J.: 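Sending over a structure as structure tokens; questions will come in a sec.
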Amino acid sequence: MNNKGQIIVEYILIVVVIFLIIIPMTHVFLIESEKNIIIESAQIGAQIGIDKNAYAMYYNDTFNNYMDNYPRLLYPTEIKVINISIIENENNITLQVFLHSNDYLTNNQKEIVGSRVNYYIRKTISETFNQKDTDLYYENCQSNNFKIETKKVKWI
């Protein structure tokens, strides 16, 4: 029998130490989880952008522009996402997408497809984090803790 209360003090110290360890680790886990959600959303958005190209279905004005200037984009093109890398700088995250196509695309066509992929990446991330105040091209894409930007797509 412990009459001096030493066991209670030891338990209290153990609980305090556990809380001092768990609280900072929880913050780190939440930040890393948010980054994982951003990457997953980016992968989904990139695939949606590629699928839009594979369907070769466009709005009328886009279709007319492609008919006059980029007829190759009116036909499905096989494109693969090679990698999506994340560059972190304080509260900013920059996503760099690497794509590959076995079909021949000119630099202008690659830029159009890359812009479409980046658009759908930003759109999907904005929708994932329920961001309501976005502009037409989702340029002010944000998560809970990060401002997210996309770099120009690199083709491999």
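Residue numbers count from 1 along this sequence. Not measured: the values here are computed from a predicted model.
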J.: Return the CD1 to CD distance between I87 and E149, rounded to the nearest 0.5 Å.
T.: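 That separation rounds to 10.0 Å.
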J.: Please name the pair of heavy atoms, one in V81 and one in A46, separated by the smallest distance, quoted to 0.1 Å.
T.: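 Distance-wise, the nearest heavy atoms are CG2-CB, 4.0 Å.
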J.: Report yes or no: does Q131 contribute a side-chain atom to a donor-acceptor pair with the main-chain N or O of N140 at less than 3.5 Å?
T.: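 Checked: pair present.
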J.: I'd like to know if the side chain of T26 and the backbone of I22 have a donor-acceptor N/O pair within less than 3.5 Å.
T.: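 Pair found, side chain donor or acceptor close to backbone of I22.
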J.: Roughly how far, to the nearest 0.5 Å, is the OG1 atom of T77 from the NZ atom of K110?
T.: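 The NZ atom of K110 sits 11.5 Å away from the OG1 atom of T77.
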J.: Would you find a donor on one side and an acceptor on the other, under 3.5 Å apart, between the side chain of Q43 and the backbone of I121?
T.: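 Between the backbone of I121 and the side chain of Q43 there is no qualifying donor-acceptor contact (under 3.5 Å).
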J.: What closest approach, in Å, do Q109 and Y70 show between heavy atoms, and which atom pair accounts for it?
T.: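 Here Q109 and Y70 meet closest at CG-CD2, 4.0 Å.
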J.: Work out which heavy atom in G49 is nearest to a heavy atom in R116; give both atom names and the distance.
T.: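 Closest approach of G49 to R116: O-CD, 3.7 Å.
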J.: Counting heavy atoms not belonging to K147, are there more than 12 under 6.0 Å from its NZ?
T.: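 Yes - once you tally the heavy atoms of other residues, nucleotides and ligands closer than 6.0 Å, there are more than 12.
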J.: Taking all atoms of both residues into account, what is the closest heavy-atom pair of G45 and T124, and its distance?
T.: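 Looking at all heavy atoms of both residues, the closest pair is CA-OG1, 3.3 Å.
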J.: Find the distance between CG (N145) and CG (N91) and round it off to the nearest 0.5 Å.
T.: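 Interatomic distance, N145 CG to N91 CG, rounded to 0.5 Å: 7.5 Å.
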J.: Supply the atom-to-atom distance S85 OG to L95 CG, rounded to the nearest 0.5 angstrom.
T.: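 S85 atom OG to L95 atom CG measures 7.5 Å (nearest 0.5 Å).
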J.: Within the 4.5 Å heavy-atom criterion, are L99 and I156 side-chain neighbours or not?
T.: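 No, their side chains stay 4.5 Å or more apart.
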J.: Going by an N to O cut-off under 4.0 Å, is there a salt bridge joining E88 and K35?
T.: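 Yes, charged N to carboxylate O under 4.0 Å.
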J.: Would you say I125 ends up clustered with I31 if hydrophobic residues are merged whenever their side chains have heavy atoms under 4.5 Å apart, either directly or through other cluster members?
T.: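 Yes; tracing contacts between hydrophobic side chains, which count when under 4.5 Å, links both residues.
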J.: Applying ring-ring contact (aromatic ring centres under 6.0 Å, His included), which residue pairs with at least one partner in residues 91-122 are found, sequence neighbours left out?
T.: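 Residue pairs with at least one partner in residues 91-122: Y119-Y138.
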J.: Check step by step if side-chain contact (heavy atoms from CB on, under 4.5 Å) holds for V117 and I50.
T.: CA-CA 6 Å; V117 167; I50 288 170; 4.0 Å; yes
J.: Within the side chain of N118, is there an N or O that forms a donor-acceptor pair under 3.5 Å with the backbone of K151?
T.: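 Looks like yes, one N/O pair under 3.5 Å.
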J.: Distance-only, no hydrogens or angles: does the S101 side chain make a donor-acceptor pair with backbone N or O of E78 under 3.5 Å?
T.: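 Answer holds: yes.
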J.: Rounded to the nearest 0.5 Å, what separates atom CD1 in I37 from atom OG1 in T128?
T.: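 Result: 8.5 Å between the selected atoms.
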J.: Heavy atoms only: give me the nearest T134-S126 pair and the separation to one decimal.
T.: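 That closest heavy-atom pairing would be CG2-OG, 3.9 Å.
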J.: Rounded to the nearest 0.5 Å, how far apart are OG1 of T150 and CD1 of I84?
T.: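 So the OG1 of T150 and the CD1 of I84 are separated by 10.5 Å.
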J.: Run the numbers on F146 and E34 for side-chain contact (heavy atoms from CB on, under 4.5 Å), then give the verdict.
T.: CA-CA 9 Å; F146 298 102; E34 184 174 342; 3.6 Å; yes
J.: Provide the full list of salt bridge (charged side-chain N to carboxylate O under 4.0 Å, His left out) pairs with a residue in residues 50-72, sequence neighbours left out, each pair given once.
T.: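 Residue pairs passing salt bridge (charged side-chain N to carboxylate O under 4.0 Å, His left out), neighbours aside: R72-D103.
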J.: Under the criterion side chain to side chain contact (heavy atoms under 4.5 Å, CB included), which of L73, T106, N107 is the partner of I112?
T.: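 Result for side chain to side chain contact (heavy atoms under 4.5 Å, CB included) with I112: L73.
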